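Worksheet for the structure shown next.
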Amino acid sequence: QKEVEQNSGPLSVPEGAIASLNCTYSDRGSQSFFWYRQYSGKSPELIMFIYSNGDKEDGRFTAQLNKASQYVSLLIRDSQPSDSATYLCAVKGNTGKLIFGQGTTLQVKP
Amino acid sequence: ETGVTQTPRHLVMGMTNKKSLKCEQHLGHNAMYWYKQSAKKPLELMFVYNFKEQTENNSVPSRFSPECPNSSHLFLHLHTLQPEDSALYLCASSQDPPYEQYFGPGTRLTVT
């Protein structure tokens with residue numbers, strides 16, 4: 001089992017829809033969870049982080065964490081073509097290392 | 001300059017060359033990281049430095065040699081690389097303990 005698992009996609013949604021990106025992790029002791037956005041040919045850019053169970057909202061983005069299910073998700077409301085990118089989930093486990101998933105490619109179609 | 005900067009942005013080198021990648025962070029962080037990103041693979045952590053001391057080396061071949069002279073600068077010295085080392089090399093920094101990491105723009109390395 002991979003330490004951090006994401007569906008590679010592509011996930012295709014129409015403009016204005018809600019995009020839902022999911023991530024599962026294997027280390028039950030994980031404490032911190034991060035979502036990065038990476039445009040093609042660019043470096044990852046931090047968009048959200050979450051430490052506690054529940055939801056955290058920032059503009060059109062909502063991160064959701066369920067530690068019991070070892071599941072973290074990112075919702076993007078009112079998706080725009082400029083949101084088309086690869087979204088990386090990263091989890092900091094007990095070792096303190098940040099482990100990245102392979103990323104989910106999101107395509108928002110006009 | 002703000003954030004994390006990396007030079008060069010692109011590098012083509014032969015297998016017998018020696019080159020160095022440079023990273024500088026302007027965020028006042030005390031931890032710096034080197035990652036390798038190959039096509040279709042997750043980001044691979046290579047090295048971690050906290051307060052200039054190397055705290056992690058993820059079984060990286062000795063043809064990659066890191067150097068951290070101070071908390072703001074990080075180098076990756078390259079020698080006798082292989083074509084499979086071609087990848088995007090990313091530098092990141094964070095405050096210790098490893099809170100959120102901020103990435104530089106990366107160096108696209110091609111080994112011929």
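These numbers were taken from a predicted model, which means no experiment stands behind them. The chains referred to below are lettered A, B, ... by the order of the sequence lines, with proteins before strands, and numbering in each begins at 1. Computed from heavy atoms alone, side chains included, the values below leave out hydrogens, waters and symmetry copies.
For the residue pair B:E24/B:T5, the side-chain donor-acceptor check at 3.5 Å is not satisfied.
In summary, the aromatic rings of B:F47 and B:F64 are positioned with their centroids too far apart to meet the 6.0 Å limit.
For A:Q38, the part lying under 4.5 angstrom from a heavy atom of chain B is the side chain only. When heavy atoms are compared at a cutoff of 4.5 Å, A:I99 does not approach chain B at all. Heavy atoms closer than 4.5 Å to chain A are found in the side chain of B:Q37, but not in its backbone.
Separation of atoms CE (A:M48) and SG (A:C89) is listed at 12.5 Å; rounding is to 0.5 Å.
With hydrogens and angles ignored, the 3.5 Å screen pairs no side-chain donor or acceptor of B:E67 with any backbone N or O of B:H73.
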